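Before any comments, here is the structure.
Throughout, a chain's letter reflects where its sequence line sits, starting with A, and its residues are numbered from 1. Being a predicted model, the structure only gives us computed values, none of them experimental.
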Amino acid sequence: MLRFAPSPTGDMNIEDLRIALFNYIIAKQKNENFIVRIEDTNKEKNIEGEDQRILGLLELFGLEYSQVVYQTQNFRFHSAMALDLLHNKKAFNCFCSDEYLEKKQKEAQEEQKTYRYDDACMNLPPELVIDNEHPFRVRIKRPTSPIVFKDYIRGEVNFSIEDMESFTILNMDKTPTQNFASAVDDMLNDISIIVRKEEYIEDTPKQIHIRNELNYQKEIVYAHLPAIKNAKDFTIKTLLEDGFLPAAISNYLVLLGNETPQEIFTLSEAIDWFNIEKIAPSSIEFDLEKLKKINQEHLKMLDNKELSRYVGFADASIGALAKVYLQDIATTKELRSKIEPIFAKKTIPQELQKEVKLLKETINQATHFEEFEDFKNYLLKKTAIEEKKLLESLSILLTGFKDEKNIQEVYKHLKNYLGEIIK
RNA sequence: GGCCCCUUCGUCUAGCGGUUAGGAUCCAUGGUUUUCAUCCAUGUUACAGGAGUUCGAGUCUCCUAGGGGUCACCA
């Protein structure tokens, strides 16, 4: 089982989506289930409705999940596991005050040493624990042997016992720490491979230690993805609003930091050859220009009717028209800004008013011309406007832009709508 | 500051002891196109720096610099 574990605390960005994408692809390759676990343990930071927005985006990108679980719903399991550890003397109550811990941390900092909890409460005599009225947290005893795990990107990762401390698993209010909850949930959900952000790598030995102490046998293999440096500048929501196709965004996110057989591909193609071990271990930069290029290619691959839907129509000939513009335009938003003016009321510049008016009348009385050349010649003859001016006027009348270069191509797709456009 | 990871054209990458250091994108130029774009061709641009190992180093080792991550009762 693979999982995507977002916290509903902010807009999903490209880094989050990349994680989801990779987990999904691997699940497909291994023929395992892909689930979503909403990590909603922080009540203050949770954003109302964000979970549904995340789920909606996953669906939009075609990342089908078999199940959604909410971490807070597993609290009773987390508590039971913590209790189990306590009974087996693998965890202990810690009565240290925040002030005491902060002081210790500060001291360590001044000495330029790494702070680690000093295990002050680890071996408290029972009577001090049982009758103690002070608030306490629960800590798991630190591991006594090094923890090694396999990471598809980093290779074998090793944490020595000096790197680890007895860390908190239950907060003072007896809610589980996120680390503990995740470790337990991954066990409960029978997770086999975890692709996640690099920032979790220091948590990994802790989570493995928790499962070891709970006598969980299954080995989980990891892939800690290096950061996309400018990820925070790009939320999925804004990329979508800016006219990027989900298929193109997915394409680019799989391409980034990777070596792929082609540059342009679909998600199902990626499933055939994707190899997480090829992802480079160095942090990378997201390049909007490259995404644009890829988006353009995906737009070209769309069939005409589908393409027309992205610009607000459901008509193959509008799609064909859009493809004319696609030669130098990369997003559906830009495409819209070209297509919409065609059917909108045009503002005619002062110097062309006369010509446009004359053109309008002439066209209204004209018969249908199949070829632009014939159409143009007819108008030239009928109106006696000089060619350059005529083309400008015609261009603004049809497209809303005076300097439309591709007027001939545009006409081809527009000729059946002439009446509607110029009225 | 401690610990971990990383460093090849602006960007994303190939390279795995002997290459004119390759590709993609961007940029520039030329051709095509009545014009722009497409398309085609051509071109500029990279091994972070230093020391070592070796007949030979982008590739192995060490040092320096730079980047990323982490050190929470955040996820």
If the threshold is 4.0 Å, N to carboxylate O, is there a salt bridge linking [X] and [Y]?
| X | Y | result |
| --- | --- | --- |
| A:Lys141 | A:Asp119 | no |
| A:Arg142 | A:Glu165 | no |
| A:Arg154 | A:Glu198 | yes |

[X] [atom1] to [N] [atom2], straight-line distance once rounded to whole Å:
| X | N | atom1 | atom2 | result |
| --- | --- | --- | --- | --- |
| A:Arg116 | B:A72 | CZ | C1' | 15 Å |
| A:Glu392 | B:U35 | CD | C1' | 13 Å |
| A:Ile407 | B:U33 | CD1 | C1' | 17 Å |
| A:Phe286 | B:G68 | CZ | P | 19 Å |
| A:Glu289 | B:A24 | CD | P | 18 Å |
| A:Leu391 | B:C36 | CG | C1' | 14 Å |

Residues within residues 153-175 of chain A bordering RNA chain B, heavy-atom distance below 4.0 Å:
A:Arg154, A:Asn171, A:Met172
Within residues 72-107 of chain A, those residues having any heavy atom closer than 4.0 Å to RNA chain B are A:Asp98, A:Gln105
Are A:Tyr115 and the base of B:G2 stacked, counting only ring centres nearer than 5.5 Å and planes tilted under 30°?
no
side-chain hydrogen bond (donor to acceptor under 3.5 Å, both in side chains) partners for [X], two or more places apart:
| X | value |
| --- | --- |
| A:Gln105 | none |
| A:Lys376 | A:Glu387 |
| A:His413 | none |
| A:Thr235 | A:Thr238 |

Side-chain N or O of A:Thr41 closer than 4.0 Å to phosphate OP1/OP2 of B:A75
yes
ring-ring contact (aromatic ring centres under 6.0 Å, His included) partner of A:Phe274, chosen from A:Phe22, A:Tyr152, A:Phe265
A:Phe22
Under the rule for salt bridge (charged side-chain N to carboxylate O under 4.0 Å, His left out), what residues qualify as partners of A:Arg116, not counting sequence neighbours?
none
Looking at residues at least two apart in the chain, or sitting in another chain, which of them share a salt bridge (charged side-chain N to carboxylate O under 4.0 Å, His left out) with A:Lys106?
none
Need one value for [X]: base, sugar-phosphate or nothing, where a base atom within 4.0 Å counts as base even if backbone is also close, heavy atoms only.
| X | value |
| --- | --- |
| A:Glu263 | sugar-phosphate |
| A:Glu259 | sugar-phosphate |
| A:Lys45 | sugar-phosphate |

Every protein N/O lying under 3.5 Å from an N/O of nucleotides 61-67 of chain B:
residue: B:G67; atom: O2'; partner: A:Lys229; partner atom: NZ; Å: 3.0

By nearest atom, which of the nucleotides [options] is closest to the [X] side chain?
| X | options | answer |
| --- | --- | --- |
| A:Gln408 | B:U34, B:C74, B:C6 | B:U34 |
| A:Glu39 | B:G69, B:A24, B:A75 | B:A75 |
| A:Ala280 | B:U70, B:U13, B:U34 | B:U13 |
| A:Glu285 | B:U70, B:A75, B:C12 | B:C12 |

Any pair counted as salt bridge (charged side-chain N to carboxylate O under 4.0 Å, His left out), so long as it reaches residues 170-193 of chain A, sequence neighbours left out:
A:Arg3-A:Asp186, A:Arg37-A:Asp185, A:Arg37-A:Asp186, A:Asp186-A:Arg211, A:Asp190-A:Lys218
Got a sec, which residues hit ring-ring contact (aromatic ring centres under 6.0 Å, His included) with A:Phe372, two or more places apart in sequence or on another chain?
A:Tyr411
What is the ring orientation for A:Phe234 with A:Phe286, classed by angle as parallel under 30°, tilted 30 to 60°, or perpendicular over 60°?
tilted
Tell me whether the rings of A:Phe34 and A:Tyr24 are parallel (<30°), tilted (30 to 60°) or perpendicular (>60°).
perpendicular
As a quick check of understanding, evaluate side-chain hydrogen bond (donor to acceptor under 3.5 Å, both in side chains) for A:Asp40 and A:Asn46, giving each step before the final call.
CA-CA 6 Å; A:Asp40 55 347; A:Asn46 282 352; 5.1 Å; no
Do any N or O atoms of the protein come closer than 3.5 Å to N or O atoms of nucleotides 37-42 of chain B, and which pairs are they?
residue: B:A37; atom: O2'; partner: A:Gln327; partner atom: O; Å: 2.7
residue: B:A37; atom: N3; partner: A:Gln327; partner atom: OE1; Å: 2.8

